[in-house]
Structures are given as C-alpha cells and as structure tokens.
Amino acid sequence: MDKKLNIALQIGFVASLIINTFLIGFIWGGQRSSRPPPHSPDPSQRLYIAASGLDSASRENIVKILDHYTPIINTERDTGMQGFKKIGKILTAPTLDTEQLNTIFEEMASRRARVNE
C-alpha cells in the first residue's frame, strides 16, 4: 500500500508543478500592457516627411509626384482590403463558392499587375 501511495504522491507532485507553472505563466503574461502600438503614418506620409529634409527643388519634384500617385495608391490599397474582406466572407460561408473566389483572385491579380506597370 505504501508503494501505491508513494507513486500517487509523486504523480500529484508533478501535476501540481505543471499546473502551477501554467498559472504563473498565465498571470505573468497577462500583466503586459494590452495597448495597441502607436499609430505610424501611412507610407506616402512617410515619404512626405522624408522629402521635407531635401533641398527645395528635389522636394518640389517629389511632392508633385507624391501628390499625383498618393490618391491612386490609397484607392488601390482600400480596394485590395475590400477584396480580402470578400475572401473572408466566402471562406466563412456555409458553402464554398469557388467561382466567386476565383473571380476575386483574378481581380486582385489584374489590379496588382496594373500597379506594377
């Protein structure tokens, strides 16, 4: 009987160590700040900021280019994000519509090709 009690105590001790380690990790991990990271400007704004450190002629040229392309890039980015939302809806739907999924992938590929031109 002592041997069975000894084995049960050893198993209980190991189980207690595992549970306590898990709980300490859970409590310690939960104490970290859950604040979102600070907002950073979008890439085009970063380029405007970088251009501000250049000489006036270069800055004017870069700002002119950025003024032209920033709305196009932002529209493409927003449209692309809408495509990912559509994909998410299709993948989480009760039935998978592969035709619609193919159509969205083709639209995204053609949009990507236009941006790369």
Side-chain angles (χ1 to χ4, degrees):
M1 191 67 145
D2 288 332
K3 192 172 186 178
K4 287 183 181 180
L5 180 63
N6 191 20
I7 291 173
L9 287 174
Q10 287 176 353
I11 292 172
F13 177 70
V14 171
S16 174
L17 285 175
I18 292 170
I19 291 170
N20 285 329
T21 303
F22 172 76
L23 289 175
I24 288 171
F26 183 75
I27 291 169
W28 187 22
Q31 290 178 351
R32 286 190 228 136
S33 174
S34 60
R35 291 181 299 150
H39 176 70
S40 62
D42 63 41
S44 62
Q45 292 303 314
R46 289 183 201 163
L47 292 173
Y48 281 109
I49 292 168
S52 67
L54 299 174
D55 63 281
S56 62
S58 298
R59 183 177 49 246
E60 287 175 16
N61 286 335
I62 291 188
V63 167
K64 187 187 307 181
I65 293 168
L66 289 173
D67 287 343
H68 175 74
Y69 283 107
T70 297
I72 297 168
I73 292 170
N74 289 342
T75 301
E76 289 295 327
R77 182 192 63 216
D78 295 342
T79 305
M81 293 309 292
Q82 291 171 2
F84 287 117
K85 289 178 184 176
K86 289 177 185 176
I87 291 171
K89 287 180 184 177
I90 292 171
L91 293 177
T92 56
T95 58
L96 182 63
D97 186 357
T98 55
E99 290 297 320
Q100 190 176 13
L101 193 61
N102 258 352
T103 303
I104 292 172
F105 283 140
E106 288 171 2
E107 288 172 0
M108 291 174 80
S110 68
R111 202 174 313 114
R112 181 74 172 173
R114 274 196 322 264
V115 169
N116 288 336
E117 288 178 348

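Reckoned from all heavy atoms, side chains included, excluding hydrogens, waters and symmetry mates.
Atom NZ of residue K89 and atom CG of residue L91 lie 13.0 Å apart, to the nearest 0.5 angstrom. To the nearest 0.5 angstrom, Q100 atom CD is 10.5 Å from I87 atom CD1. Taking CD from E99 and CG from N102, the interatomic distance works out to 6.0 Å, rounded to the nearest 0.5 Å. Rounding to the nearest 0.5 Å places CE of M108 at 8.5 Å from CD1 of I104. Atom CG of L96 and atom CG of L101 lie 6.0 Å apart (nearest 0.5 Å).
Sorted by first and then second residue, the pairs that involve residues 56-75 and meet side chain to side chain donor-acceptor pair (under 3.5 Å), not counting sequence neighbours, are Y48-D67, D55-S58, N74-R77.
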Could you list the donor-acceptor pairs under 3.5 angstrom formed by side chains in residues 8-26, with sequence neighbours left out?
| from | atom 1 | to | atom 2 | distance (Å) |
| --- | --- | --- | --- | --- |
| S16 | OG | N20 | ND2 | 3.3 |
| N20 | ND2 | S16 | O | 3.1 |
| T21 | OG1 | L17 | O | 2.7 |

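Scanning for side-chain hydrogen bond (donor to acceptor under 3.5 Å, both in side chains) contacts around D97 gives an empty result, with sequence neighbours left out. Not counting sequence neighbours, Q82 has no partner by the side-chain contact (heavy atoms from CB on, under 4.5 Å) test.
Linking Ile, Leu, Val, Met, Phe, Trp and Tyr residues whenever their side-chain heavy atoms come within less than 4.5 Å places V63 and L54 in a single cluster.
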